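Worksheet: one structure, shown below.
In this text, all values refer to a predicted model and were calculated from it rather than measured experimentally. Residue numbering restarts at 1 for every chain, and letters A, B, ... go by the order of the sequence lines. Note that these values count all heavy atoms, side chains included, but never hydrogens, waters or copies made by symmetry.
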There are 2 protein chains.
Amino acid sequence: MQRARIFRLESYLDHLAELKLAGRTTVTSEELAGRVGISSSRVRQDFIYLQVEGKPRSGYEIGELEMLLYSELDLLHEKGMVLIGCGNLGRALIFSGIWEHSGFSLKAVFDNQASVIGSVVNGLTVRHVRELHSVVRSEEIVAGCLTVPAIAAQGVVQMLIGAGIRGIWNFAPTEIKAPAGVVVENQRLEQGLMTLSFAMKETRAAPIRPDLENYVHDASSS
Amino acid sequence: MQRARIFRLESYLDHLAELKLAGRTTVTSEELAGRVGISSSRVRQDFIYLQVEGKPRSGYEIGELEMLLYSELDLLHEKGMVLIGCGNLGRALIFSGIWEHSGFSLKAVFDNQASVIGSVVNGLTVRHVRELHSVVRSEEIVAGCLTVPAIAAQGVVQMLIGAGIRGIWNFAPTEIKAPAGVVVENQRLEQGLMTLSFAMKETRAAPIRPDLENYVHDASSS
DNA sequence: ATCGAACCGTTAATCAATTAACAATATATG
DNA sequence: CATATATTGTTAATTGATTAACGGTTCGAT
């Protein structure tokens with residue numbers, strides 16, 4: 001699973017930022033492994049894949065690692081993105097800080113409701129979807145964020161693809177179809193809930209709370 | 001990876017609902033496999049794990065499968081949940097349809113901003129977080145949805161755990177710590193964006209759009 | 001300058017997940 | 001009723017991912 005590696009790389013980035021903040025300049029495979037919850041050899045193998053070299057007694061350079069991770073995930077190359085669907089979820093994303101170092105830059109926002117068109121959301125004016133095609137073409141947009149109701153999703157996908165987009169971040173709770181060559185990343189929130197439901201099934205007879213001291217790092221996120 | 005199976009089960013549910021809507025009552029492992037993008041033997045093994053039996057020429061009963069999937073994921077047993085952080089994202093979730101058949105029922109909403117406390121969001125009155133403890137205790141709440149800023153996350157986690165909660169659905173873009181026995185499901189939206197960024201790196205030189213006919217099912221979601 | 005510990009890089013071993021293969025069985029057809 | 005066929009249940013083979021093991025290097029200590 002290639003996907004598993006990507007998740008690990010993202011996780012490394014997280015922890016490296018934290019270490020850097022603490023003033024550290026190097027880190028060993030052992031330490032990172034402990035934080036992420038995997039074996040140190042896994043970490044070393046990932047770093048070989050990234051073609052970064054460590055030194056026998058000090059470990060790996062944090063700055064160098066960050067650089068390579070950014071480059072591997074293509075986070076420095078800011079790609080133009082548009083968002084379609086300016087409802088509650090759309091607005092939440094527009095206002096959120098996720099766009100920093102994400103590899104994307106939000107360039108325009110669309111909707112089809114007269115009530116929101118023309119309003120300004122976090123500095124971006126909401127436009128009518130009929131302008132989608134021309135904006136995508138003229139502003140070098142390569143990806144779209146889909147926060148419309150499920151029923152409208154496939155229609156908007158068609159428009160996006162027709163305009164030449166190559167990637168879709170889909171929040172609509174439905175499976176969308178796209179031609180080969182167009183990357184679809186689904187963010188199905190319901191699945192997160194269901195997964196939690198399943199996981200809690202096992203924990204039914206939970207012990208009485210231990211003291212807050214013995215908290216452990218959460219390793220369930222990967 | 002147990003997680004991979006859970007994702008498949010959720011995916012089966014999706015497609016079964018679609019088939020049911022189309023009037024179908026049975027489905028073969030082959031057909032489901034084609035839809036989900038895996039091998040038919042994988043599907044059959046999952047169904048053996050669910051202890052459902054198929055018939056040699058007709059396949060599996062859709063209704064029976066749905067029942068067993070619901071039961072396996074514990075989606076029928078509605079567990080009480082609270083949401084903390086009534087910002088844009090919180091509101092989006094409160095208004096969204098994800099709670100249907102999710103295994104959870106949203107019972108109360110909290111914030112610490114005077115400007116939103118007391119307001120009614122989709123039928124739920126926003127309360128001050130200081131009431132969190134007593135509400136969790138008195139209304140049999142077992143899980144919490146965290147939509148607060150990263151800086152506030154760990155503090156709220158402490159409150160939730162102190163109140164006796166056993167599961168956390170975390171949207172805060174930070175790693176939170178919880179004692180063993182408390183399930184944490186992280187919904188890191190930035191990771192979705194980064195993954196898309198990586199995936200698009202490979203598609204740089206995309207071919208000219210093929211016609212819309214040869215769309216294929218997206219198999220990248222698992 | 002030599003020793004020894006800490007850590008990397010790499011290869012081998014283990015473990016897990018997926019797919020392939022096929023005998024068993026129920027149903028449809030004539 | 002007999003035969004053909006689609007599809008299951010199950011076991012074996014394969015593939016992939018993870019961990020373990022260990023020789024090789026650097027660096028600090030004596």
Side-chain angles (χ1 to χ4, degrees), chain A residues 1-12 15-16 19 24-69 72 195 198-199 202 217 219-222, chain B residues 1-12 15-16 19 24-69 72 195 198 217 219-222:
Chain A
M1 206 196 225
Q2 175 73 342
R3 203 176 180 78
R5 163 168 284 151
I6 301 305
F7 283 151
R8 283 198 303 274
L9 298 189
E10 289 166 357
S11 187
Y12 296 153
H15 289 283
L16 290 175
L19 288 166
R24 300 275 301 280
T25 61
T26 63
V27 66
T28 67
S29 57
E30 190 77 23
E31 183 175 7
L32 249 189
R35 281 169 162 266
V36 175
I38 56 180
S39 72
S40 62
S41 49
R42 196 79 209 68
V43 173
R44 290 199 294 278
Q45 280 178 340
D46 281 340
F47 288 177
I48 285 168
Y49 161 84
L50 287 176
Q51 297 187 297
V52 61
E53 294 191 350
K55 279 188 185 166
R57 246 180 108 97
S58 49
Y60 300 85
E61 287 277 339
I62 291 181
E64 189 184 0
L65 276 177
E66 274 190 319
M67 272 259 309
L68 282 163
L69 286 166
E72 173 66 16
T195 304
F198 171 82
E202 325 262 285
H217 262 85
S220 73
S221 65
S222 62
Chain B
M1 204 195 224
Q2 174 75 340
R3 205 176 178 78
R5 163 168 286 152
I6 301 304
F7 283 152
R8 284 200 302 275
L9 299 189
E10 289 166 358
S11 186
Y12 295 153
H15 288 284
L16 290 175
L19 287 165
R24 301 276 300 279
T25 60
T26 64
V27 66
T28 68
S29 57
E30 190 77 24
E31 181 175 10
L32 249 189
R35 281 168 161 267
V36 175
I38 55 180
S39 72
S40 62
S41 49
R42 195 78 209 69
V43 173
R44 291 198 294 278
Q45 281 177 340
D46 281 339
F47 288 176
I48 284 168
Y49 161 84
L50 287 176
Q51 298 187 297
V52 60
E53 294 191 350
K55 278 191 187 168
R57 246 182 109 99
S58 49
Y60 300 83
E61 287 279 337
I62 290 180
E64 190 185 359
L65 276 176
E66 275 190 319
M67 272 259 308
L68 282 163
L69 286 166
E72 173 66 14
T195 304
F198 170 82
H217 262 86
S220 74
S221 64
S222 62

(message) For Glu31(B), I'd like to know if atom CD has over 12 heavy atoms of other residues, nucleotides or ligands within 6.0 Å.
(response) yes
Write down the distance between [atom1] ([X]) and [atom2] ([N]), rounded to a whole number of angstrom.
X        : N       : atom1 : atom2 : result
Glu31(B) : dT7(D)  : CD    : C1'   : 13 Å
Arg44(A) : dA6(C)  : CZ    : P     : 15 Å
Leu50(B) : dT8(D)  : CG    : P     : 15 Å
Ile38(B) : dT19(C) : CD1   : P     : 7 Å
Leu32(A) : dT18(D) : CG    : P     : 16 Å
Arg3(A)  : dA17(D) : CZ    : P     : 14 Å
Asp46(A) : dA17(D) : CG    : C1'   : 11 Å
Ile48(B) : dT11(D) : CD1   : P     : 9 Å

For [N], does either OP1 or OP2 sit under 4.0 Å from a side-chain N or O belonging to [X]?
X        : N       : answer
Tyr49(B) : dG9(D)  : no
Arg8(B)  : dT18(C) : yes
Arg5(B)  : dA16(C) : no
Lys55(B) : dT7(D)  : no

Taking only the side-chain heavy atoms of [X] (C-beta and beyond), determine which of [options] contains the nearest atom.
X        : options                   : answer
Thr28(B) : dT25(D), dT7(D), dC22(D)  : dT7(D)
Ser39(A) : dT19(C), dC22(D), dT19(D) : dT19(D)
Glu53(B) : dC8(C), dG9(D), dT19(C)   : dG9(D)

(request) Return yes if the base of dT19(D) and the side-chain atoms of Gln45(A) contain a donor-acceptor N/O pair under 3.5 Å, otherwise no. (result) yes
(request) Would you mind telling me which residue lines up with the more 5' stretch of DNA chain D, Ser40(A) or Ser58(A), judged by nearest nucleotide? (result) Ser40(A)
(request) Give the minimum heavy-atom separation between Ser58(A) and Thr26(A), together with the two atoms involved. (result) O-OG1, 3.5 Å
(request) Give the minimum heavy-atom separation between Glu64(B) and Glu53(B), together with the two atoms involved. (result)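 That would be OE1-O, 4.4 Å.
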(message) Go nucleotide by nucleotide along DNA chain C from the 5' end; which of Ser29(A) and Arg57(A) gets its closest nucleotide reached first?
(response) Arg57(A)
(request) Name the residue closer to the 5' end of DNA chain C, choosing between Tyr60(A) and Arg42(B) according to the nucleotide with the nearest heavy atom. (result)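 Looking at DNA chain C, the more 5' nearest nucleotide goes with Tyr60(A).
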(message) Distance alone, cut at 3.5 Å: any donor-acceptor contact between the side chains of Glu72(A) and Tyr49(A)?
(response) yes
(message) Can you confirm whether the side chains of Thr25(A) and Glu61(A) place a donor and an acceptor under 3.5 Å from each other?
(response) no
